[in-house]
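Beneath this line is the structure, given in structure tokens, with notes to follow.
Side chains are part of it too, since the values below use all heavy atoms of this structure and drop only hydrogens, waters and symmetry mates. Residue numbering restarts at 1 for every chain, and letters A, B, ... go by the order of the sequence lines.
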Number of protein chains: 2
Amino acid sequence: MSGKKLKAVEHPPVSARRQHKADAKAAATHPPSRQRPLTRIQKEKQDIILEAALDVFSMHGFRGSTIDQIAEVAGMSKPNLLYYFPRKEEIHRRLIAALLDTWLAPLRDFDENGDPFTEIRSYIRRKLEMARDFPRESRLFANEMLQGAPRITEMIEIDLKALVDEKAKILLTWMDQGRLARTDPYHLIFSIWATTQHYADFDVQVRAVLGKGRNGEGRFEDAARYLEQLFMHGLSPKPRVNGSA
Amino acid sequence: MSGKKLKAVEHPPVSARRQHKADAKAAATHPPSRQRPLTRIQKEKQDIILEAALDVFSMHGFRGSTIDQIAEVAGMSKPNLLYYFPRKEEIHRRLIAALLDTWLAPLRDFDENGDPFTEIRSYIRRKLEMARDFPRESRLFANEMLQGAPRITEMIEIDLKALVDEKAKILLTWMDQGRLARTDPYHLIFSIWATTQHYADFDVQVRAVLGKGRNGEGRFEDAARYLEQLFMHGLSPKPRVNGSA
DNA sequence: GGAAATTTTGACCAGTTGGAAAAATGTTAG
DNA sequence: CTAACATTTTTCCAACTGGTCAAAATTTCC
């Protein structure tokens, strides 16, 4: 329901402060990390752990989550879990790395040769699908943002920024060609992120407000319809529309 | 740059489960809680603590925050802090209660006798101002939502829902009168929440993407302009606009 | 000034948390 | 079967956590 292997992007020189004694002997018998090709069984266990960790981290954030909790959800003992991931941070890093990749995929697919409205519409749709199908990933990301993104600043300041810059340029071109209302392309992108991820991150609120009646999967359909209308109307290249007050 | 006292709204009958032993003697010498009119000095100290707690809770969530952290930010010892607030949960509850009240004020002011676009525009503006002036409150709220709103379910399921229902009805009336594009009023409200709070909750991301150049307070001006355009255009009562793909 | 009340501090505690060590239990290839 | 390896469990620990308590320092009020 959520797995999907994503290539992990290492942050080479992070080097956090060490306060615990453990440091030297890393190639001991315990972790199966050293060079080995990583058997299929190991991969499976790691996936189980990552699954469980996603559950926990996405709800409580990094500091609010405990290894014990994750181990319990994963159905194994804490030391056993630590056999696969030498430390808590490592699990979290793996999740974040995997997340960033999938999370940006829809934006990467934004095609400058396509029709502006088709592109925007399908971008919205894909982001909304992700909010529906991977809410935990969305919340993990949101948690990270709320905490000031301590572990991924470089990622968002470099990779993400570059990607958005690129797509903003495309939007600007479309605006110049009169195929799209002239506005700030960055805030346009922000607004798509915000409106779609809202359905994952604030799910409880959305459900509560919509009431027991209307909160099956249908709410995503409604959201899609509404957002489509809002953005299609809102961004159509027309001078002015309403001028009251 | 952020202070501004907010009137606190008490939740009378929350009654959470007790698991710690402390329970009986509450009128002991320690806490200045019993009946006393609460001196001005006490209020000041409590405010200092709440300020500090807002800093910490809004970044790390409830579980991820420690009393020691809060005490340090507040510039006092942990036992001293605990003298004013007998337990961690109490501080958090106070913050949340205060928050909810201010947070919903703009929506309460939504006036059915006003002009639809004027009302929506000023609602957006006010929400954006709150995201700018009270980002920590916004993040505290977001953190609570991400965790499934365990401490405020009743609040959002009852009070919030009722308020939104009421305002949705107003929006529907306007739509019936042809003064507003016909759409789902609930999702319309969600989209305003999402787009405005985004600037508080995902502040790091917004700053990073906009780059060092354009991230002074100006970004809120730009956001306001963009959102105004999006919503004013997007919700104007016109049949169809673009029909490609 | 001094007794009473308030506020602050220092020492302490039981439970939790991240993690280490090593022994115990599989598993597998020769 | 058994040596080499992989996995799991048991035991343990030091630091941190929320919170208590009594004594000390300070303020308040007569």
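Taking atom CD on B:Gln42 and atom P on D:dT28, their separation rounds to 11 Å, with Å as the unit. Straight-line distance from the CE atom of A:Met76 to the P atom of D:dT9: 9 Å, rounded to whole Å. For the pair B:Phe85 CZ and C:dT7 P, the computed distance is 13 Å after rounding to whole Å. If you measure from atom CD1 of A:Ile70 to atom P of C:dT16, you get 18 Å, rounded to the nearest angstrom. Going from atom NZ of A:Lys88 over to atom C1' of C:dT17 covers 8 Å, rounded to whole Å. Distance A:Glu72 CD to C:dG18 C1': 17 Å, rounded to the nearest Å. Atom pair A:Ile67:CD1 and D:dT17:P shows a separation of 15 Å (rounding to whole Å applied). Between the NE2 atom of B:His60 and the P atom of D:dT17 there is a distance of 11 Å, rounded to whole Å.
Listed candidates were D:dT17, C:dA11, C:dT7. Nearest to the side chain of B:Pro79 is C:dA11. Side chain of B:Asp68, nearest nucleotide from C:dT8, D:dT17, C:dT17: D:dT17. Distances from the side chain of B:Thr66 to the nucleotides C:dG18, D:dT17, D:dC21 place D:dT17 closest. Distances from the side chain of B:Leu82 to the nucleotides D:dT20, C:dT7, D:dA6 place D:dT20 closest. The listed nucleotides are C:dT7, C:dT17, D:dT8; the one nearest the side chain of A:Tyr83 is D:dT8.
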Evaluation steps, ring-ring contact (aromatic ring centres under 6.0 Å, His included), between A:His187 and B:Tyr199: CA-CA 10 Å; A:His187 291 281; B:Tyr199 290 96; 5.5 Å; yes
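At least one side-chain nitrogen or oxygen of A:Arg63 sits closer than 4.0 Å to the OP1 or OP2 atom of D:dT17. Look at A:Ser77 and you won't find any side-chain N or O under 4.0 angstrom from OP1 or OP2 of D:dT8. Phosphate contact (OP1/OP2 of D:dT7, side-chain N/O of A:Asn80, threshold under 4.0 Å): absent. Distances shown here put a side-chain N or O of B:Tyr84 below 4.0 Å from the OP1 or OP2 atom of C:dT8.
When each of B:Lys45 and B:Lys78 is assigned the nucleotide of DNA chain C bearing its nearest heavy atom, the one mapping closer to the 5' terminus is B:Lys45.
A donor-acceptor pair under 3.5 Å links the side-chain atoms of B:Asn143 to the main chain of B:Ser58, judged by distance alone.
Residue pairs satisfying the salt bridge (Lys or Arg N to Asp or Glu O under 4.0 Å) criterion with at least one member in residues 189-198 of chain B, sequence neighbours excluded, are absent.
Taking the six-membered ring where the residue is Trp, B:Phe190 and A:His198 present tilted rings, their angle falling between 30° and 60°.
In terms of heavy-atom proximity, B:Gly61 sits nearest to B:Gln147 at CA-NE2, 3.9 Å.
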